[in-house]
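First comes the structure, then the notes that go with it.
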Amino acid sequence: MSVTPTPSKDFIREIIDEDLATGKHDSTVTRFPPEPNGYLHLGHAKSICLNFGIAQEYGGRCHLRFDDTNPTKEDVEYVDSIKEDIKWLGFDWGNHLYFASDYFDKLYEWAVHLIKEGKAYVDEQSAAEMKANRGDLQSPGTESPYRDRPIEESLDLFQRMKAGEFEDGRMVLRAKVDMAHPNLNMRDPVLYRIVHAEHHRTGDKWCIYPMYDYTHGQSDALEHVTHSLCTLEFENHRLLYDWFLENLPVPSRPRQIEFSRLNLNYTVMSKRKLLQLVTEGHVSGWDDPRMPTLCGIRRRGYPPEAIRDFCKTIGITKFQSTNDFALLENAVREVLNREAPRYMAVLDPIRVVIANYPESQVEEMEAVNNPEKPEAGTRLVPFSRELFIEREDFMEDPPKKFFRLSPGAEVRLRSGYFIRCEEVIKDANGEIVELRCTYDPTTRGGENPADGRKVKATIHWVSAAHAIEAEIRLYDRLFMTEAPDRGEGSFLDHLNPDSLKVISGAKLERHLAAVAPGETVQFERLGYFCTDKESAAGALVFNKTAGLRDAWAKAKDQG
RNA sequence: AACUCCGUGGUGUAACGGUAGCACAACAGAUUUUGGUUCUGUUUGUCAAGGUUCGAAUCCUUGCGGGGUUGCCA
């Protein structure tokens, strides 16, 4: 009798277990709080899987809340794409869609409350003065000359800030905490700034906007969030987060817990850098299949299930780490190996003529759609006298470990016949243009012949007369070095010049004309591919999602 | 050298004072109508030094190393 090991939980789920056990909470409420100022990427996927995953596991709720407190950077365009990406990943916020801007009235009311309590004041120092008086990591700051102004005066000024009497930057509302605090966030943080800008939801109702620190915890409290999960860079903000909750009449007490953000080698993950890749044209857009954005990997053909599996395996911890890209690719291959229907496609064709095959004969060969999934059934693939095979699958002068086609050698055509190469035909430049072969009629379907003869390799093929053509886009990693972020120079210095190779005139079996958008298939022996959004009926375009593991490539490299 | 968080194979992650395990990667072999998949095996680890303890990755001390923080961004 084997004991089923209890699956280990990350430290956040352990905290939740305890909060539930002690009765501190009787259910969980988490939230995913993106700012609508950019596209979601794999790092967000980690957070989404955590927050929505907890809701699923504990029967709790997960809110989608847009942190829209900075109208100069935010836009509805991003709101829509973010929702789409979360749905694609497989999560659902139900009717718990919120915006921090929904709370602007309450937040204003609470700001007035703080002023009345003597815990906030209107500061008329310029931004430069404030910076100078903040002190630094080693030394304490200097209190503002406006810090102890009468409460009534701050109340009046704050009301007039709201009324639009002052230009941007003229004054701010600050909390009165401690200018000597070792945590800089506690040195009288700004609560409100004046920004005369139209907000994507509140329009021109406001010309003062609350800061992140003043908004986030109170929004959590208003939504009765129990566990507010964020990345490590907010660790230093937790003290402030708690300060607001302690000094305001909030309806609940959420707890902020920080975890380490996702890092992947051979890629960059910061919004700024991704934006730069797009604006400077190093990639075709946010959804370029080489981008780590969710729309990018979707277009690349990565299944959402693989992303969820990946997030599960990398886990949640507090220490910074860099995950191997191979781990992601492995998750992708695992799902695709199980699910993707197989087809044959020849990317770099070389003509094969089967001399002893009847000139006008066409046989419909039965091919297995997915050996991992018998219920996927079979399909018919036409076989004829003239075929295309992969140029790479033939070598005129092969090394000892090369098992495929070469002069005098025999291979199996998958679901076809055994063929033997009898003659190599070259053009004036010595370039191989055609292979003359013979086939063994007793090997129909690729069966081993009765004489016990075996072949060491099986290769893919397409009937020349029946093939359809397509453009194939082959992607490799965007960066050549493991940590393009680090070291000297720009991360752009590490861009891989060969991250995209376009092949035109690839020969595909006819069924590939009908691959549905969003479906990823396997080209046998080559890898996984999906149709691109630019693919059209007469002009098919496929993206390479990931290659198959290639033991031959390794053996070849080792000599 | 302020405050704070964190150090487990190549990478990531478990072990909650009691045999350092798992995944990925790498390597070797078996199977195979995909040089895929699958299966088997191998290599490699507790940052360091002290201390507490019958027993320490785990607790304590010191050192070393890494991250974060000086926006009217989030």
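Just so it is clear: chains get the letters A, B, ... in the order the sequence lines come, proteins before strands, and each one is counted from 1.
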Span that lies between the [atom1] atom of [M] and that of [N], in whole angstrom:
N      : M      : atom1 : answer
A14(B) : U46(B) : C1'   : 12 Å
G9(B)  : U58(B) : P     : 14 Å
A30(B) : G36(B) : C1'   : 16 Å
A26(B) : G7(B)  : C1'   : 25 Å

Range-with-range stems for RNA chain B, at least three Watson-Crick or G-U pairs under 3.5 Å
B:2-7 with B:64-69, B:10-13 with B:21-24, B:26-30 with B:38-42, B:47-51 with B:59-63

Under 4.0 Å between any heavy atoms, over every strand shown, what does [X] touch: base, sugar-phosphate, or nothing? Just pick one.
X       : result
L548(A) : base
Q522(A) : base
R187(A) : nothing
T322(A) : sugar-phosphate
F402(A) : base
E447(A) : base

Taking only the side-chain heavy atoms of [X] (C-beta and beyond), determine which of [options] contains the nearest atom.
X       : options                : result
S8(A)   : G35(B), A14(B), G12(B) : A14(B)
K554(A) : G36(B), C27(B), G12(B) : C27(B)
R404(A) : G12(B), G10(B), G35(B) : G35(B)
T317(A) : A14(B), U34(B), C27(B) : A14(B)

Output all residues satisfying side chain to side chain donor-acceptor pair (under 3.5 Å) with D17(A), sequence neighbours left out; order by chain, then residue number.
K9(A), Y58(A)

Identify the pairs formed between an N or O of the protein and an N or O of nucleotides 3-9 of chain B at a distance under 3.5 Å, and give each distance.
from  : atom 1 : to      : atom 2 : distance (Å)
C5(B) : O2'    : E235(A) : OE2    : 3.0

Calculate the interatomic distance between [X] atom [atom1] and [N] atom [atom2]; express it in whole Å.
X       : N      : atom1 : atom2 : value
L137(A) : G67(B) : CG    : P     : 15 Å
K456(A) : A30(B) : NZ    : C1'   : 14 Å
N330(A) : U11(B) : CG    : P     : 18 Å
N265(A) : C24(B) : CG    : C1'   : 12 Å

So, [X] and [Y], do they make that salt bridge, N to O below 4.0 Å?
X       : Y       : value
R525(A) : E390(A) : no
D550(A) : K556(A) : no
R149(A) : E124(A) : yes
R147(A) : D188(A) : yes
E35(A)  : K73(A)  : no
E509(A) : R379(A) : yes
R31(A)  : E223(A) : no
E363(A) : R444(A) : yes
D102(A) : R201(A) : yes

Polar atom pairs between nucleotides 38-40 of chain B and protein, under 3.5 Å, N or O only, would you list them?
none

Please enumerate all residues that pass ring pair (Phe, Tyr, Trp, His ring centres under 6.0 Å) together with F542(A), with sequence neighbours excluded.
F523(A)

Is there, by distance only and without an angle test, a donor paired with an acceptor across the side chain of R525(A) and the base of G35(B) below 3.5 Å?
no

With nearest nucleotides of RNA chain B determined for R414(A) and F11(A) from heavy-atom distances, which residue corresponds to the more 5′ nucleotide?
F11(A)

Identify which one of F99(A), Y78(A), Y103(A), Y98(A) satisfies the ring pair (Phe, Tyr, Trp, His ring centres under 6.0 Å) criterion when paired with F66(A).
F99(A)

Polar atom pairs between nucleotides 71-74 of chain B and protein, under 3.5 Å, N or O only, would you list them?
from   : atom 1 : to      : atom 2 : distance (Å)
G71(B) : OP2    : R134(A) : NH2    : 3.0
C72(B) : OP1    : R134(A) : NH2    : 3.4
C72(B) : OP2    : R134(A) : NH1    : 3.4
C72(B) : N4     : Q125(A) : O      : 3.3
C72(B) : N4     : A127(A) : N      : 3.3
C72(B) : N4     : G169(A) : O      : 3.2
C73(B) : OP2    : R193(A) : NE     : 3.1
C73(B) : OP2    : R193(A) : NH2    : 2.9
C73(B) : O3'    : R193(A) : NH2    : 3.2
C73(B) : O2'    : N70(A)  : ND2    : 3.1
A74(B) : OP1    : T69(A)  : OG1    : 2.6
A74(B) : OP1    : R193(A) : NH1    : 3.4
A74(B) : OP1    : R193(A) : NH2    : 2.9
A74(B) : OP2    : Y212(A) : N      : 2.9
A74(B) : N6     : H237(A) : NE2    : 3.2

Between E410(A) and the options K454(A), R420(A), K456(A), the salt bridge (charged side-chain N to carboxylate O under 4.0 Å, His left out) test singles out R420(A)

Any side-chain heavy atom of F418(A) sitting closer than 4.5 Å to one from V455(A)?
yes

Any chance you could lay out the side chain to side chain donor-acceptor pair (under 3.5 Å) test for D75(A) and H200(A), step after step, and finish with the verdict?
CA-CA 6 Å; D75(A) 199 280; H200(A) 72 108; over 6 Å; no

